[in-house]
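Side chains included, hydrogens not; waters and symmetry mates left out as well; all remaining heavy atoms used. Proteins get letters first, then strands, A, B, ... in listed order; numbering begins at 1 in each.
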Amino acid sequence: MPELPEVETVCRGLAVVLEGHRLAKVELRRTGLRIPFPPDFAERLTGRTIARISRRAKYMCWHLDDGWVVICHLGMSGRMVIGKDDGAAPEKHDHVILVTEAGDKISFNDARRFGLMDMATEEGLAAHRFFAALGPEPLTDAFDGKMLKAALAGRSSPIKPVLLDQTLVVGIGNIYASESLFRAGIHPTRPAESLTARECSKLVKAVKEVLAEAIAAGGSSLKDHRQPSGELGYFQHSFAVYDREGQPCPGCTCRESIRRMTQAGRSTYYCDKRQG
DNA sequence: CGGCAAACCTGCGAGC
DNA sequence: TGCTCGCAGGTTTGCC
């Protein structure tokens with residue numbers, strides 16, 4: 001569930017059960033995920049109230065009432081499952097289980113264990129090793145055509161893998177890189193530095209639109225999915241190109257099929273004609 | 001520094 | 001049925 005819109009959706013869902021709530025029980029079911037959990041992690045969380053939840057890039061930040069911040073990344077397969085503390089046995093790959101004083105249970109389930117949890121102080125957050133090198137948030141005014149044009153200078157790589165570089169701009173993952181380029185009509189193999197100022201502006205606009213629409217859709221699908229299972233981060237989209245190899249190109253009359261190629265080891269989906 | 005493959009893990013579907 | 005292979009929404013590391 002892990003690009004910016006999904007993380008944003010998970011944050012919003014978690015806020016409902018966590019913000020303003022005290023953690024009564026914290027269970028670690030292994031010693032770490034991608035990195036080890038911080039020393040005494042469970043003890044340091046237990047009894048703390050979560051004042052606020054925020055997001056930076058694809059990281060969640062749980063701001064505690066004692067000046068510490070829990071940093072959480074979902075990796076590729078991480079999910080936050082919300083339920084009740086009903087004594088049910090943990091699911092496979094439930095690595096961290098939190099129970100609030102209100103009786104809500106939040107399980108961090110991550111089959112591939114590319115996710116992580118860490119801690120930083122409020123003051124040390126921006127300088128934390130995960131955050132220090134990050135680029136601007138894509139949905140802020142700091143990300144505009146001019147900034148993108150400057151950032152692409154001297155980069156001869158194809159634009160698509162460059163969009164995944166979180167030091168350039170954060171939050172774009174493999175799905176939304178393809179979707180944004182399609183919307184902007186820019187071919188994924190174009191050398192990044194070859195994009196004109198006009199194309200940079202177009203691409204920025206496309207990225208912002210795609211991410212904003214995905215967040216909006218996540219909000220609505222979250223709402224009905226939550227009733228039965230309480231699961232967060234589930235996302236139902238209709239993608240224009242992603243995972244649509246061989247299907248007709250949507251939204252234009254070019255009659256081409258969506259193609260798939262591999263760039264820097266990851267799948268890219270595109271329409272050769274529309275993104276000519 | 002830029003760029004790329006490999007590595008970290010498990011699960012699933014396709015093909016034999 | 002069972003095996004192997006390739007692929008999966010991310011990030012880091014190590015090598016050229």
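The Ser156(A) side chain lies nearest to dG3(B) when the options are dC9(B), dG3(B), dT11(C). Looking at the side chain of Asn174(A), the nearest of the listed nucleotides dG10(C), dC9(B), dA8(C) is dG10(C). Listed candidates were dT12(C), dC4(B), dT11(C). Nearest to the side chain of Pro158(A) is dC4(B). Nearest nucleotide to the Tyr59(A) side chain, out of dT12(C), dA8(C), dG3(B): dT12(C). Of the candidate nucleotides dC7(C), dG10(C), dG3(B), dG10(C) has the atom lying nearest to any side-chain atom of Pro2(A). Here the nucleotide nearest the side chain of His93(A), chosen from dC4(B), dA8(C), dG11(B), is dG11(B).
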Problem set entry | Full working for side-chain contact (heavy atoms from CB on, under 4.5 Å) between Arg244(A) and Arg260(A) | CA-CA 8 Å; Arg244(A) 299 195 62 228; Arg260(A) 184 180 82 88; over 6 Å; no

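Following rounding to the nearest Å, Leu168(A) (CG) and dC1(B) (C1') show an atom-to-atom distance of 14 Å. Rounded to whole angstrom, the span from the CD atom of Gln263(A) across to the P atom of dA8(C) amounts to 13 Å. dC9(B) atom C1' lies 13 Å from atom CG of Asn109(A), rounded to whole Å. Atom CG of Leu4(A) and atom P of dT11(C) are 11 Å apart (whole Å). When rounded to the nearest whole Å, the span between CG of Asp165(A) and P of dG2(B) equals 8 Å. Put simply, CG on Asp110(A) is 13 Å from C1' on dA8(C), counting in whole angstrom units. Taking atom CE of Met261(A) as the reference point, atom C1' of dC4(B) lies 16 Å away to the nearest angstrom. One interatomic measurement links the two molecules: CD1 of Ile35(A) to C1' of dC9(B), which rounds to 16 Å at whole-angstrom precision.
dT10(B) and dT1(C) have their P atoms separated by 25 Å, given to the nearest Å. For the P atoms, the distance linking dC5(C) with dA6(B) amounts to 16 Å, nearest Å. The gap from the P atom of dA5(B) to that of dG6(C) amounts to 16 Å, rounded to the nearest Å.
Put simply, Arg34(A) has no side-chain N or O that comes within less than 4.0 Å of OP1 or OP2 on dT11(C). Remark: Ser77(A) is not in phosphate contact with dA8(C), judged by side-chain N or O atoms under 4.0 Å from OP1 or OP2. Remark: Arg266(A) is not in phosphate contact with dC7(C), judged by side-chain N or O atoms under 4.0 Å from OP1 or OP2. Taking 4.0 angstrom as the limit, Ser157(A) places none of its side-chain polar atoms (N or O) nearer than this to OP1 or OP2 of dG2(B).
Arg260(A) comes within 4.0 angstrom of sugar-phosphate atoms only, judged by non-hydrogen atoms across all strands, and of no base.
Pairing for dC4(B) is with dG14(C), a Watson-Crick or G-U wobble pair whose two hydrogen-bonding atom distances lie under 3.5 Å.
Of the two residues contacting DNA chain B, namely Lys92(A) and Gly154(A), the nearest-nucleotide position lying further toward the 5' end is that of Gly154(A).
In this structure, the side chain of Asp144(A) does not engage the main chain of Ser201(A) through any donor-acceptor pair within 3.5 Å. When atom types are taken as modelled, the side chain of Arg44(A) and the backbone of Pro39(A) share a donor-acceptor pair closer than 3.5 angstrom.
Across Ile106(A), Asp104(A), Ile82(A), Thr49(A), a single residue satisfies side-chain contact (heavy atoms from CB on, under 4.5 Å) together with Leu18(A), and that is Ile106(A).
Below 30°, between 30° and 60°, or above 60°: for Phe130(A) and Tyr59(A) the angle between ring planes is below 30°, a parallel geometry.
The base of dA8(C) lies close enough to the side chain of Arg112(A) for a donor and an acceptor atom to sit less than 3.5 Å apart.
A cation-pi arrangement is absent between Arg48(A) and Trp68(A) under the rule of less than 6.0 angstrom and at most 45 degrees off the ring axis.
Using a 5.5 Å limit on the distance between ring centres and a 30° limit on the angle between planes, the aromatic ring of Phe114(A) counts as stacked on the six-membered base ring of dC8(B).
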